[in-house]
Amino acid sequence: MAGRINDDDVKAVRDAVPIDAVVSEYLQLRNAGGGNLKGLCPFHDEKSPSFQVSPSKGLFHCFGCQEGGDTIAFVQKIDHLTFAEVVERLAAKAGITLRYEEGGYNPSHQRGERIRLVEAHKVAAQFYVDQLNGPEAEIGRKFLADRGFDQAAAAHFGVGYSPAGWDHLTRFLRGKGFSDKELITSGLSQDGRRGPIDRFRGRLMWPIRDTAGDVVGFGARRLREDDNGPKYLNTPETPIYKKSQVLYGIDLAKKDIAKSSRAVVVEGYTDVMACHLAGVTTAIATCGTAFGGDHIKILRRLLMDNGSARVIFTFDGDAAGQKAALRAFEDDQKFAAETYIAIAPDNMDPCDLRLLKGDDAVRDLVEPRTPLFEFALRQIVARYDLETPAGRAAALDEAAPVVAKIKTGSIQREVAVQLAGFVGILDQEYVVHRVNQLAQWARGRGGDRRGPAPARNGARHQQVQAPPVSSGPALNLRSPAHRTERELLKLALQKPELVSPAFDAYGADEFTAPPYAAVRQCIAEAGGAELGLGDSREYLVQVLDATPNETVRKLITELAVEVFHGKSIDEAYAGEHLVKVRLRAVDRRINDVQSSLARLGSNVAPDHLAAAQNEVWVLQQYAQSLRNQGAGAL
């Protein structure tokens, strides 16, 4: 049975791998102030960034969907891994050797399924690269050379060759300790008459990597005429490879996509290579499937959906390319970025264009010219005879519903006017009215009951799912008491040196909001805020470990990364909030005692009355000291 990972090793992994470095592999982060970073949340769709990362605390929190946690929790959620799998993956990156509490270390049994499958692909990728240099792979090297790719280009993209025999890779991976079950599950092998055989044989191989850079699949190009398989053969769906959720070249392009706020979507592996070698380093491609919603989510996290972001699609000008463009347009409004289409002269793809006309022609191709919506509408209209009234009416019937899907009213009207011009209808207001009627009808049928939202920086509106309502008691942030308590807890979690040791004398009952009282209790059970004077990250880990449920855990991560409201976060600021929380607690106690005496009236026992009056007097003196001396009276 797999042993439990040593706690000290888990802590070493947390400390060694910065959370901002890990999160940046999946989305673009920008400065949020106060030492924090922000980006578009990868766990829910949103229009403006509410996902924050605190590098100093090693925590993340989304103020939209309430997801939060440390580096390990982030990778668990985004890659659907177990705790042990994440620790093992991060440990491998940091060069940390893990110890296990029970039993010896046995990699083939200790590691989780995903870790093993990714490792198998990593070994297979290197195996294919090594084979490309052999005599049998001459046909593959010639294929690359004929398309303008030399040995350095092949190495840069990790292109390899799968031998034509039945089980070369299978036997090689067995020798590396992988089981037949793992080879079948990974998609690298398939069942044969006498056991597993190689899935890819005698083909040129492109490794497909995820956003983090792990090889999760392969694209294989047919080279020989006697190969009866498809021209391109991709890895089947596996636990680590979902074709609708990967983009070829994303590992190489992601930094430049984020930096330039631009992405170029091409159709094939060689097109990605040609673009990158020509200097268009933001090029990516889908892997055997149409560009769809999951691909958009990947790009949106990198583009940050700012108003200047652009996505350029390059499709062949043939019927298949036009069809692909129309499919892309269906998802167009899921982008806040502007979308364009680029079609090369003579319907050449970027690879052919580079061969015939050079790198400059490729760079010129992807300069945005035609908005995608304009291209899509022109393709629809072109199918009809616009010389006749019937043809114009039919074109309008098909195109108007497309324009009606645009949710922003001003943009919808502008495109409707353009459609009138495409169709040749002089009465623009008629077309605008027709489109508006269709949009209202769609909303009445439940297409969008919220109505149009205001445009942002001229970008088209996108539907944004409302974040789920968090469970647990509600917090009234309009309440001065709740605001003060929240700020004090943020100080205790983020800057314990400013509130210690006074804070640790505060009871959970001094916090009027039940969720805040629960957080205070967790800090106490972890050893108090004074524990944070040492290792602040380990202190937060201890506080999170003390949480009774996920609701409190999420609130703690939220408070640990939320920015402060004050301009100067210093001892004076901390003292002010310590005093306000304590003073309100004292005033509440005075009111409680006085109310109790009032209810009892003349029935109160003399000794009880004297004790109560004395308590009120002491509390009133303490309250006066807090008002006069501030934090010095604590």
Side-chain angles (χ1 to χ4, degrees), residues 4-27 29 32 36-44 46 49-94 96 98 111-115 118 210-212 214 240 301 467-468 470-472 490 493-494 515 518-519 522-523 525-526 532 535-562:
R4 180 174 176 271
I5 301 174
N6 181 278
D7 289 340
D8 290 338
D9 291 348
V10 173
K11 180 180 181 300
V13 169
R14 279 196 180 103
D15 293 342
V17 184
I19 189 168
D20 51 324
V22 173
V23 174
S24 293
E25 294 180 352
Y26 298 87
L27 60 140
L29 292 174
N36 287 356
L37 302 168
K38 65 181 179 181
L40 287 176
C41 180
F43 304 117
H44 83 288
E46 59 180 3
S50 59
F51 182 90
Q52 295 222 9
V53 175
S54 173
S56 63
K57 302 296 184 293
L59 295 174
F60 75 93
H61 182 81
C62 176
F63 291 88
C65 69
Q66 307 304 313
E67 288 288 359
D70 60 8
T71 311
I72 295 173
F74 176 82
V75 181
Q76 275 187 275
K77 294 174 190 295
I78 200 164
D79 282 334
H80 308 289
L81 303 178
T82 65
F83 179 87
E85 286 175 332
V86 175
V87 174
E88 287 164 346
R89 180 203 276 192
L90 297 178
K93 286 188 175 183
I96 296 173
L98 298 176
R111 295 192 175 185
E113 181 184 67
R114 190 184 194 281
I115 299 295
V118 168
D210 61 14
T211 310
D214 289 329
I240 64 171
R301 294 197 294 266
S470 59
S471 58
K490 283 156 59 177
L493 292 168
Q494 298 185 39
V519 173
C522 291
I523 295 174
E525 292 179 9
D535 188 335
S536 61
R537 297 182 73 169
E538 181 60 23
Y539 159 61
L540 287 173
V541 170
Q542 295 294 332
V543 174
L544 288 167
D545 285 346
T547 54
N549 55 53
E550 189 63 18
T551 300
V552 178
R553 185 181 184 86
K554 287 180 178 179
L555 178 57
I556 289 173
T557 60
E558 180 177 332
L559 296 172
V561 303
E562 187 174 284

Search all heavy atoms of [X] against all heavy atoms of [Y] and return the closest pair with its distance.
| X | Y | value |
| --- | --- | --- |
| R553 | D545 | NH1-N, 4.4 Å |
| Y539 | I523 | OH-CG2, 3.8 Å |
| Q52 | A32 | OE1-CB, 4.0 Å |
| L544 | T547 | O-OG1, 2.7 Å |

Measuring only between side-chain heavy atoms, which start at C-beta, is [X] closer than 4.5 Å to [Y]?
| X | Y | answer |
| --- | --- | --- |
| V22 | K93 | no |
| C65 | S50 | no |
| E67 | C41 | no |

Taking [X] for the side chain and [Y] for the main chain, is one N or O donor matched with an acceptor at less than 3.5 Å?
| X | Y | result |
| --- | --- | --- |
| Q494 | L559 | yes |
| N36 | V561 | yes |
| R301 | L40 | no |
| S536 | G532 | no |
| T557 | K554 | yes |

Salt-bridge criterion met for R114 and D210 (N-O under 4.0 Å): yes
Angle between ring planes, F43 versus F60, binned at 30° and 60°: parallel, tilted or perpendicular? tilted
